[in-house]
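Just the heavy atoms: all of them, side chains too, but no hydrogens, waters or symmetry mates, feed the values below.
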Amino acid sequence: MDRVLFGLSYSVMPDPQTVLARAWERLRPGGRLVVLDGGLTETRLGRLLAPLVTLLHVFGPGDGYCRPWQDLAAYGPVSVEWMHRRLYHVCAVQKPAA
């Protein structure tokens, strides 16, 4: 694959690091892996949102505190762009060319 995009899905995957590793294996040299997801817990309101995020952990899948940029760092330098007052982030890493 030339590109892999996780769009508003990474934080709700039961085992995102395994999915990330499998996507990386299938990515061609020079390809890019991108994660676009919500980052509510990274805002100034993060402390106020903590009880809600805790409830989401109980009643639904995912991790409201996931930080995909840390997971992607295992594969190379990561670019992170925050948008809409830090409500969303786009993280990307490029697979080295062969």
Side-chain angles (χ1 to χ4, degrees):
M1 292 182 279
D2 293 331
R3 304 280 188 267
V4 175
L5 170 66
F6 295 102
L8 298 173
S9 60
Y10 194 81
S11 62
V12 296
M13 291 181 190
D15 187 6
Q17 292 161 341
T18 299
V19 175
L20 186 65
R22 289 190 180 163
W24 188 258
E25 290 171 5
R26 289 165 176 79
L27 193 63
R28 71 163 176 81
R32 290 178 57 88
L33 198 153
V34 179
V35 176
L36 174 138
D37 217 324
L40 295 174
T41 57
E42 297 295 320
T43 68
R44 291 182 187 177
L45 297 174
R47 285 181 287 224
L48 294 174
L49 294 171
L52 176 62
V53 172
T54 301
L55 282 175
L56 291 174
H57 281 249
V58 172
F59 295 111
D63 179 5
Y65 292 103
C66 79
R67 290 173 170 81
W69 53 90
Q70 291 174 347
D71 297 342
L72 289 171
Y75 300 97
V78 180
S79 65
V80 181
E81 181 180 343
W82 289 91
M83 300 174 294
H84 302 289
R85 299 185 186 197
R86 296 184 68 88
L87 294 177
Y88 296 97
H89 54 266
V90 178
C91 312
V93 64
Q94 186 165 354
K95 194 168 191 174

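- Leu20 contributes atom CG, which lies 10.5 Å from atom CD of Glu25 (distance to the nearest 0.5 angstrom).
- The shortest non-hydrogen separation linking Asp37 to Ser11 is OD2-N, 2.7 Å.
- Between Phe6 atom CZ and Leu72 atom CG the span is 8.5 Å, to the nearest 0.5 Å.
- Scanning both residues, Gly31 and Arg3, for their nearest heavy atoms gives CA-NH1, 4.0 Å.
- Of all non-hydrogen atoms in Leu8 and Gly38, the two that sit nearest each other are CD2-N, 4.0 Å.
- Contact between Gly30 and Gln94 at its shortest, heavy atoms only, is O-NE2, 3.0 Å.
- Here the side chains of Leu36 and Met83 are in contact, with some heavy-atom distance below 4.5 Å.
- Residue-environment remark: CZ (Arg22) stays at or below the threshold of 12 foreign heavy atoms within 6.0 Å.
- Ring geometry for Trp82 versus Trp69: interplanar angle over 60°, hence perpendicular rather than tilted (30 to 60°).
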Legend entry - CA sep, side-chain torsions, deciding dist, call: Trp24, Lys95, side chain to side chain contact (heavy atoms under 4.5 Å, CB included): CA-CA 8 Å; Trp24 188 258; Lys95 194 168 191 174; 3.5 Å; yes
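- Shown here for Pro77 and Val93, the closest heavy-atom pair between the two residues is O-CG2, 3.5 Å.
- Between Met1 and Leu27 the shortest heavy-atom distance is O-CD1, 3.5 Å.
- Transitive grouping of hydrophobic side chains (ILVMFWY, heavy atoms separated by less than 4.5 Å) keeps Val12 and Val19 in distinct clusters.
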